[in-house]
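All values below were derived from every heavy atom in this structure, side-chain atoms included, with hydrogens, water molecules and symmetry-related copies excluded. Index from 1, following the sequence.
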Amino acid sequence: MKILVINSGSSSIKFQLIDMTDESVLAAGLVERIGDKDGFIQCTLRPETTEKEIVVLRENIADHQSGMRMVVDILIDSDTGIIPDREAIRGIGHRVVHGGEVFYEPTLITDDVLEVIEKNIPLAPLHNPPNLDGIRVAMELFPVAEQVAVFDTAFHQSIPPYAYHYALPYKFYEEQRIRRYGFHGTSHKYVAAECARLMDRPLAELNLITIHLGNGCSMTAIKNGRSVDTTLGLTPLEGLVMGTRSGDVDPAVHAFLARNCDMDIEEIDTMLNRDSGLKGLCGMNDMRDIHAAIAQGSERARLALDVQTYRNRKYIGAYMAVLGRVDAIVFTAGIGENDAVVRARTVDGLEPFGILLDAAANDHRVREPSLLSRVDSRVQIWCIPTNEELAIARDVKSVLG
Ligand code: AMP
């Protein structure tokens with residue numbers, strides 16, 4: 001069974017074609033700068049084999065449909081031989097950012113489902129519209145394939161009301177559905193399942209703290225295999241310090257800036273999402289640049305690292321209190337998988353709680369899942385590469401039976 005996974009953004013589409021008979025990747029790539037005259041497509045064919053081949057196109061990509069059409073042409077080109085025709089693709093998995101309170105599992109897309117995703121646009125105004133564009137284009141280009149939506153919020157629908165409610169007047173929940181939803185659910189769910197497999201224990205018996213540290217960052221408390229709390233909230237802005245997003249701030253910051261700095265709500269929102277986080281503190285949002293700047297003596301870069309890792313540590317403490325017993329802490333995503341310094345500083349000082357990092361294992365860079373804790377650590381520490389595309393493809397397969 002061949003499954004195409006699509007992550008459609010406002011001016012880009014990420015895609016992966018996976019053969020589910022052995023979960024091998026047949027093609028993976030990116031369409032960028034949709035709507036620009038210098039559009040760009042990169043598609044890597046058979047990326048996991050010695051016959052790996054990279055196809056690059058630079059041309060005007062008018063809209064999502066033209067972009068997807070070009071990708072399909074690459075895939076069914078007889079020279080590349082990836083698939084004979086469009087009908088070879090049995091299912092298409094769409095990453096959809098916000099499923100609101102309705103969707104708690106991967107869902108076969110029908111007209112009703114499209115309507116509900118559309119209704120959730122106010123909850124994710126930047127993300128759900130391009131996700132919908134991707135779905136509509138795929139429905140047109142692949143009329144025979146089943147389309148499945150996999151929601152970033154779905155894994156967190158098990159969070160109990162006392163953890164998802166904000167202490168605001170209740171009518172805002174009733175009328176506007178303002179509450180914590182949480183995001184990165186596909187990633188947290190995937191690494192939790194991988195962790196259970198690696199520990200050779202049933203996920204339903206495990207309490208985990210999963211830490212997704214990429215450009216976006218979030219931490220999830222998982223009790224008996226289910227999400228019971230997570231740091232991202234109504235939107236992907238709350239919680240940990242991210243590349244350009246602030247994470248937690250005093251909500252009174254908005255009023256303060258409006259009164260004292262003559263900023264309107266759109267400017268404040270943009271500042272918190274695009275100009276804050278690591279970038280706000282030191283001007284850089286890539287952790288590799290921050291380390292290089294620290295090596296050059298930059299105090300601000302050091303501050304940014306300190307603020308991020310302190311916040312990580314603080315939330316680990318909170319989630320230990322939420323869970324009572326923690327079996328493992330799992331690091332994942334760009335920073336979590338690659339940055340030994342961030343991992344070490346995140347768990348630094350947690351030794352009295354039975355969290356003992358093995359410094360040598362942590363420093364050793366591997367692309368495979370690896371155990372980073374000492375044998376006498378009560379809580380295991382793992383680094384597990386996330387694979388959201390594979391997780392989505394598995395979800396599609398399970399929906400299609
Ligand atoms: P992601 O959103 O998961 O793709 O992660 C992207 C972020 O991961 C980048 O902005 C970097 O901050 C970070 N990153 C990627 N590679 C490395 C690396 N080798 N060392 C440290 N940080 C990295």
Side-chain angles (χ1 to χ4, degrees), residues 3-9 12-18 20 23 25 28 30 91-109 113 117 120 123-124 126-128 130-132 134-135 138 147-159 180-197 203 208-222 225-233 235-236 239-240 242 330-337 369 382 384-400:
I3 288 175
L4 181 65
V5 177
I6 292 177
N7 182 354
S8 174
S12 69
I13 306 170
K14 278 194 208 143
F15 61 90
Q16 231 178 69
L17 180 65
I18 302 178
M20 293 310 285
E23 296 192 339
V25 179
L30 182 66
I92 303 191
H94 298 271
R95 178 181 183 225
V96 180
V97 167
H98 219 305
E101 292 185 303
V102 180
F103 300 110
Y104 55 92
E105 59 185 3
T107 304
L108 197 63
I109 297 174
V113 169
I117 298 173
N120 283 333
L123 292 170
L126 298 179
H127 294 100
N128 274 20
N131 295 162
L132 278 164
I135 294 173
Q147 315 276 338
V148 175
V150 179
F151 300 92
D152 240 26
T153 48
F155 181 56
H156 302 301
Q157 279 298 297
S158 47
I159 293 177
R180 173 182 311 287
Y181 290 95
F183 300 87
H184 296 153
T186 305
S187 175
H188 288 287
K189 181 177 154 190
Y190 175 83
V191 296
E194 280 294 287
C195 187
R197 186 180 65 77
L203 179 59
L208 306 171
I209 296 176
T210 49
I211 313 178
H212 178 111
L213 299 177
N215 208 9
C217 301
S218 65
M219 192 180 297
T220 297
I222 297 176
R226 289 157 64 87
S227 170
V228 291
D229 204 350
T230 194
T231 55
L232 292 172
T235 73
L240 305 181
M242 305 174 229
V330 183
F331 286 96
T332 194
I335 300 174
E337 291 164 27
W382 284 89
I384 302 180
T386 193
N387 191 340
E388 290 172 85
E389 290 78 13
L390 179 58
I392 291 173
R394 283 180 183 166
D395 277 348
V396 174
K397 189 180 169 193
S398 75
V399 169
L400 301 189

What are the two closest heavy atoms between [X] and [Y], and how far apart are they?
X: Val148; Y: Pro106; answer: CG1-CB, 4.1 Å
X: Gly225; Y: Ile222; answer: C-CG2, 3.4 Å
X: Gly134; Y: His94; answer: O-CE1, 3.6 Å
X: Gly99; Y: Phe151; answer: CA-CD2, 3.4 Å
X: Ser187; Y: Thr332; answer: OG-CG2, 3.9 Å

If we only count heavy atoms from C-beta on, is the [X] to [Y] side-chain gap below 4.5 Å?
X: Ile159; Y: Thr230; answer: yes
X: Trp382; Y: Glu194; answer: no
X: Val97; Y: Leu126; answer: no
X: Met219; Y: Leu240; answer: yes
X: His184; Y: Thr153; answer: no
X: Val150; Y: Val96; answer: no
X: Thr186; Y: Ile392; answer: yes
X: Thr210; Y: Phe331; answer: no

Subject >> Pair Asp395 + Lys189, salt bridge at N-O below 4.0 Å >> reply: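 Yes, Asp395 and Lys189 are salt-bridged.
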
**OP:** For Arg394, check salt bridge (Lys or Arg N to Asp or Glu O under 4.0 Å) against everything at least two apart and list the hits.
**Re:**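 Here the qualifying residues are Glu23.
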
**OP:** Return yes if some donor-acceptor pair links the side-chain N/O of His156 with the main-chain N/O of Asp229 below 3.5 Å, else return no.
**Re:**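 Here the side-chain-to-backbone pair does not exist.
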
**OP:** Tell me, please, which residues at least two apart from Asn120 pass side chain to side chain contact (heavy atoms under 4.5 Å, CB included).
**Re:**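 Partners of Asn120 under the side chain to side chain contact (heavy atoms under 4.5 Å, CB included) test: Val116, Leu123, Asn128.
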
Original post:
Do His98 and Phe103 have ring centroids that are under 6.0 Å from one another?
Top reply: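 No - the distance between ring centres of Phe103 and His98 does not fall below the 6.0 Å cut-off.
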
Original post:
Taking the inter-plane angle between the rings of His188 and His212 on a 0 to 90° scale, is it parallel (under 30°), tilted (30 to 60°) or perpendicular (over 60°)?
Top reply: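 Answer is tilted, since the angle falls between 30° and 60°.
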
Subject >> Separation between CD1 of Ile3 and CG of Leu400, rounded to the nearest 0.5 Å >> reply: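 Ile3 atom CD1 to Leu400 atom CG measures 6.0 Å (nearest 0.5 Å).
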
